[in-house]
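Down below is the structure, laid out as structure tokens.
Numbers restart at 1 for each chain; the letters A, B, ... are given by sequence-line order, proteins then strands. Predicted, not measured: the structure shown is a model, and the values here were computed from it.
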Number of protein chains: 2
Amino acid sequence: MSKQIQRPATPAKKPKARSRVPSEATLNRRKRLMETKRSAIMEAALDVFSRYGLHGTSLDQVASQADVSKTNLLYYFASKEDLYINVLRQLMDVWLSPLKSFSVEQDPAEAIGDYVRVKLELSRDHPAESRLFCLEVIQGAPLLLGELQGSLRDIVESKVSVINAWIEAGKLAPVEPHHLIFSLWAMTQHYADFRTQVEAVSGRTLEDPAFFAETLTNLKALVLQGVCPRS
Amino acid sequence: MSKQIQRPATPAKKPKARSRVPSEATLNRRKRLMETKRSAIMEAALDVFSRYGLHGTSLDQVASQADVSKTNLLYYFASKEDLYINVLRQLMDVWLSPLKSFSVEQDPAEAIGDYVRVKLELSRDHPAESRLFCLEVIQGAPLLLGELQGSLRDIVESKVSVINAWIEAGKLAPVEPHHLIFSLWAMTQHYADFRTQVEAVSGRTLEDPAFFAETLTNLKALVLQGVCPRS
DNA sequence: GTCTATAATATGATAGAC
DNA sequence: GTCTATCATATTATAGAC
């Protein structure tokens, strides 16, 4: 019954050792390849999730866009939700950082102008992140609510103080800081989330450098000067 | 084989007539009831679709929220997509109207201020419409693209002319009208679509009359005056 | 017009060979 | 690690009684 007896009694020492005990270099290479694949899957997932949402997206869609099989995808991520959560978590890093930069020492007009530029660049270069964040918040942010009420709120409050300090110093018109921040977010993210509408109406997108420049100039002018002519 | 011969030869004239031939009043009542039910289903559908999207929503969800059975729902609407399309179509009527109002004769500051107010009222009173429109556009507006490129674009172009006329008359600072319109949309719709975030960060919503008033004042000030102090 | 099955399908997830 | 079945389930939609 057993076929072990057929095997030569002398154990092969040298030739087989390589395949049984991979070198450290091989292990590292494998690890790198796995990381690359994980990233590819997450990138594809971000793109599809950001259009159709968690439920509107099938694993087959993500898998085919990432050029892996569905089963293989499920080797890298325990479940669809697990994949979604990983994508969201990575997204938040990109999302929370730009606001951190502005501080009391800066010139308010310059700080706000820079912020508009950075956020508009995000809309141009990371539209999927913008859309996915939007989708998640529209649903009531089931997975991000904690972070919105925690980290985000904290950052916003600290910037509210900065803006209030500017106002008290007479460097800024008395606008309630929360609304200013909401408006900056809204105006800039609009060009990513409503890209289809912007393109349908104006025929242009942020990928067109001239349109990007024009948009940036106009948003800055709007926020800083408003539409009423200065005397 | 035929049972007709079993029937009494004398046809019942008066007593049975009522149940066989419903009066016109009865028919109207039925029609009204059906219309009411259709509306209830569409209202429920709008609410659920606007959170979870077409694919994220199940007919069971809609049916239970509308207090009808799923089978009954499918008596009123041929399919889930049919229901979705009906909801979208009705939505667009609400959505396209406010922009139509402003014209060259008006004072620009007043016209723009009024528009902000009306749009903010929409965000407060019809948040589901705002969310569903957002979801649809994020996906690339598969069902609305025609309308965006057609009716919407036409209306926008006519308003672009109005704004340009104001600028030429020196009544408005030289802002590119498309960007002004996009910004007005973005700033006002933000309070509906990102309500969760607004509430998480500020602890308030448009349903609070004080917050609504504060928001309106600040958005108007922002668009009309900007944040740089006037000398 | 409303109900109770039930068909038909899509899709998330697992088992087990290699 | 990656593949080929395959299971399990959710959900759209229909058939047919009442």
message: Taking atom CD as the centre, does A:Q90 end up with more than 12 heavy-atom neighbours from other residues, nucleotides or ligands that are less than 6.0 angstrom away?
response: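 Counting other residues, nucleotides and ligands, CD of A:Q90 stays at 12 neighbours or fewer.
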Check the distance between [N]'s [atom2] and [X]'s [atom1] and give it to me in whole angstrom.
X: A:D60; N: C:dA10; atom1: CG; atom2: P; value: 11 Å
X: B:L73; N: C:dG1; atom1: CG; atom2: P; value: 15 Å
X: B:F77; N: C:dT2; atom1: CZ; atom2: C1'; value: 16 Å
X: A:K31; N: D:dG1; atom1: NZ; atom2: C1'; value: 16 Å
X: A:Q61; N: C:dT11; atom1: CD; atom2: P; value: 8 Å

- request: Using the test ring pair (Phe, Tyr, Trp, His ring centres under 6.0 Å), find all partners of B:F77 that sit at least two apart in sequence or belong to another chain.
  value: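 B:F77 satisfies ring pair (Phe, Tyr, Trp, His ring centres under 6.0 Å) with no residue once adjacent residues are dropped.
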statement: Taken to the nearest 0.5 Å, the spacing of A:F182 CZ from A:E176 CD works out to 8.5 Å
- prompt: Do we get B:R124 above B:F212's six-membered ring, with its NZ or CZ under 6.0 Å from the centre and within 45° of the axis?
  reply: yes
query: Using 4.0 Å as the upper bound for N to carboxylate O, is an ion pair formed by A:E121 and A:R117?
result: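 Yes, this pair counts.
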query: Aromatic ring centroids of B:H126 and B:F133 under 6.0 Å?
result: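 They do not qualify: ring centres at least 6.0 Å apart.
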task: Mind telling me whether A:Y84 and A:F49 have parallel, tilted or perpendicular rings, with 30° and 60° as the class edges?
output: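 Taking A:Y84 first and then A:F49, their aromatic rings stand perpendicular (interplane angle over 60°).
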Give me, pair by pair, the N or O atoms of the protein and of nucleotides 13-18 of chain D that are less than 3.5 Å apart, along with how far apart they are.
| unit_1 | atom_1 | unit_2 | atom_2 | d |
| --- | --- | --- | --- | --- |
| D:dA13 | OP2 | B:K80 | N | 2.8 |

- prompt: Will you find, in the side chains of B:S39 and B:T36, an N or O donor that is under 3.5 Å from an N or O acceptor?
  reply: no
- prompt: Got a sec? Which of residues 33-55 of chain B come in under 4.0 Å of DNA chain C, heavy atoms?
  reply: B:M34, B:K37
Phosphate contact (C:dA13 OP1 or OP2) by A:Y75 side-chain N/O below 4.0 Å: no
